[in-house]
Amino acid sequence: MVDLLVFAPHPDDAEINCGATIARHVRLGASVAIVDATRGELASRGTPAIRAAEAAAAAGVLGLSARENLGLPDGHLRGDDTGQRAAIVDCLRRYRPSVVLSMHGHARHPDHIALAALVGGAIKAAALHGLRTASGAPAHSGMRLWWYESELRLEPALLVPAEAGDWQRKLDAIRCYGSQLHQPAAGAPATTIAAPGFVDDIDLRGRYWGKQCEATYAEAFAIGLDLPRVSDLRVI
């Protein structure tokens with residue numbers, strides 16, 4: 001059982017897009033787990049084994065309670081695939097989170113778009129008592145879903161501020177993925193993440209959102225499938 005369960009299409013997506021929020025909640029005493037949907041086997045750089053080692057290192061930096069990889073096919077996530085959705089339902093039932101974070105479907109990468117559809121459907125399916133999954137874990141409901149930002153900027157409903165230490169742990173976790181980042185002498189194919197200024201761009205986005213909520217840094221989230229219920233507007 002964890003407080004926050006974070007779904008990511010590939011190893012490194014959670015760190016890039018909501019790593020500071022993860023670090024903040026761990027610092028505040030929450031238990032956080034990441035579930036990576038794929039091993040990133042179609043990536044232009046690195047190998048699944050290298051990515052797995054990098055993901056493990058990043059998990060240590062962030063202080064995760066758990067991390068696992070579903071081994072779904074990279075480049076072939078499908079929002080209407082019942083088998084893939086069942087794998088996510090099983091995670092929800094095993095980890096039994098109160099809050100779920102998943103990448104928003106406002107994205108370019110087809111796996112990013114598909115994961116949003118899969119998680120959105122799995123949130124409801126996890127509550128269906130008659131639906132059986134691999135682990136046999138019982139139905140789970142009452143989860144709050146928030147979408148974190150993808151490569152395309154959100155119009156957010158929520159900004160989560162990050163203290164300097166939270167943001168530094170995010171950057172340190174991103175830098176664990178050396179196979180994906182800029183390597184001048186590597187001779188590997190060019191990618192967006194491997195651009196020389198990629199980490200600086202992430203930093204600039206965090207500063208932009210931070211300015212909107214009077215913090216140095218922040219990360220952006222959109223409301224999930226159900227509108228949140230607020231009993232006291234003073235504590236939002």
Side-chain angles (χ1 to χ4, degrees), residues 1-19 22 31-60 62 64-105 107 109-128 131-141 143 145-148 150-151 173 176-177 179-180 193 224-225:
M1 181 179 294
V2 297
D3 297 308
L4 272 69
L5 183 59
V6 183
F7 287 98
H10 315 94
D12 75 13
D13 284 322
E15 290 86 348
I16 289 169
N17 296 293
C18 63
I22 293 170
S31 55
V32 183
I34 292 178
V35 174
D36 298 306
T38 77
R39 296 177 298 128
E41 63 269 23
L42 294 186
S44 301
R45 294 165 170 247
T47 65
I50 290 172
R51 296 288 288 274
E54 291 170 341
L62 293 174
L64 298 181
S65 297
R67 185 170 203 159
E68 70 172 275
N69 194 299
L70 295 180
L72 299 178
D74 187 19
H76 297 281
L77 294 185
R78 297 290 180 266
D80 59 353
D81 187 302
T82 56
Q84 294 179 7
R85 185 179 66 206
I88 293 173
V89 168
D90 198 58
C91 286
L92 294 170
R93 290 177 170 181
R94 287 187 286 109
Y95 286 103
R96 311 189 77 74
S98 57
V99 177
V100 175
L101 306 181
S102 184
M103 181 174 280
H104 198 282
H109 195 300
D111 282 347
H112 297 184
I113 297 167
L115 183 70
L118 286 167
V119 173
I123 291 288
K124 177 59 180 175
L128 302 177
L131 179 63
R132 305 299 179 190
T133 58
S135 71
H140 180 55
S141 62
M143 295 167 280
L145 172 62
W146 292 93
W147 305 114
Y148 60 81
S150 69
E151 64 272 23
C176 288
Y177 294 92
S179 69
Q180 305 303 300
I193 295 177
L225 303 177

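We count residues from 1, following the sequence as given. Please read all numbers here as calculations on a predicted model, not as lab measurements.
- Atom CZ in R93 sits 8.0 Å away from atom OG in S135 (nearest 0.5 Å).
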Checklist entry - Can you list the steps and then say if H10 with Q180 is a side chain to side chain contact (heavy atoms under 4.5 Å, CB included)? => result CA-CA 12 Å; H10 315 94; Q180 305 303 300; over 6 Å; no
Item to check | Audit row: I193, R45, side chain to side chain contact (heavy atoms under 4.5 Å, CB included) steps and yes/no | outcome: CA-CA 10 Å; I193 295 177; R45 294 165 170 247; over 6 Å; no
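- Pairing each heavy atom of H140 with each of L92, the nearest pair is CD2-O, 3.7 Å.
- Partners of D12 according to the salt bridge (charged side-chain N to carboxylate O under 4.0 Å, His left out) rule, which considers only residues two or more places apart in sequence or in another chain, are R51.
- Two residues are said to be in side-chain contact when any heavy atoms from C-beta on lie closer than 4.5 Å; Y95 and V35 meet this criterion.
- Side-chain contact check for S31 versus M1: every heavy-atom pair is 4.5 Å or farther apart.
- For D74 (side chain) and L42 (main-chain N/O), a donor-acceptor pair under 3.5 Å exists by modelled atom type.
- Between L72 and D111, the closest side-chain pair of non-hydrogen atoms is not below 4.5 Å.
- Nearest heavy-atom pair, A8 versus Y148, reported as atom, atom and distance to 0.1 Å: CA-OH, 3.4 Å.
- Formation of a donor-acceptor pair under 3.5 Å by the Q84 side chain with backbone atoms of L118 is not found in this model.
- When atom types are taken as modelled, the side chain of R96 and the backbone of A139 share a donor-acceptor pair closer than 3.5 angstrom.
- Rounding to the nearest 0.5 angstrom, the gap separating the CG atom in N69 from the OG1 atom in T38 is 6.5 Å.
- In this structure, CD1 in I34 is found 6.0 Å from CG in L62, a value given to the nearest 0.5 Å.
- Heavy atoms only, all atoms of each residue included: P48 and E41 are closest at CG-CB, 3.7 Å.
- Between W147 and H104, the ring planes are perpendicular. Angles over 60° get that label, and only those under 30° would be called parallel.
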Checklist entry - How far apart are the C-alpha atoms of S98 and D3, what are their side-chain angles, what is the distance that settles it, and do they pass the side chain to side chain donor-acceptor pair (under 3.5 Å) test? => result CA-CA 6 Å; S98 57; D3 297 308; 4.9 Å; no
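- The heavy-atom pair separating V6 from C18 by the smallest distance is CG1-SG, 3.9 Å.
- With sequence neighbours excluded, the residues that form a salt bridge (charged side-chain N to carboxylate O under 4.0 Å, His left out) with R67 are E15, D36.
- Distance alone, capped at 3.5 Å, is enough to place a donor-acceptor pair between the E151 side chain and the H109 backbone.
- For the pair M103 and P9, the minimum side-chain heavy-atom distance is below 4.5 Å.
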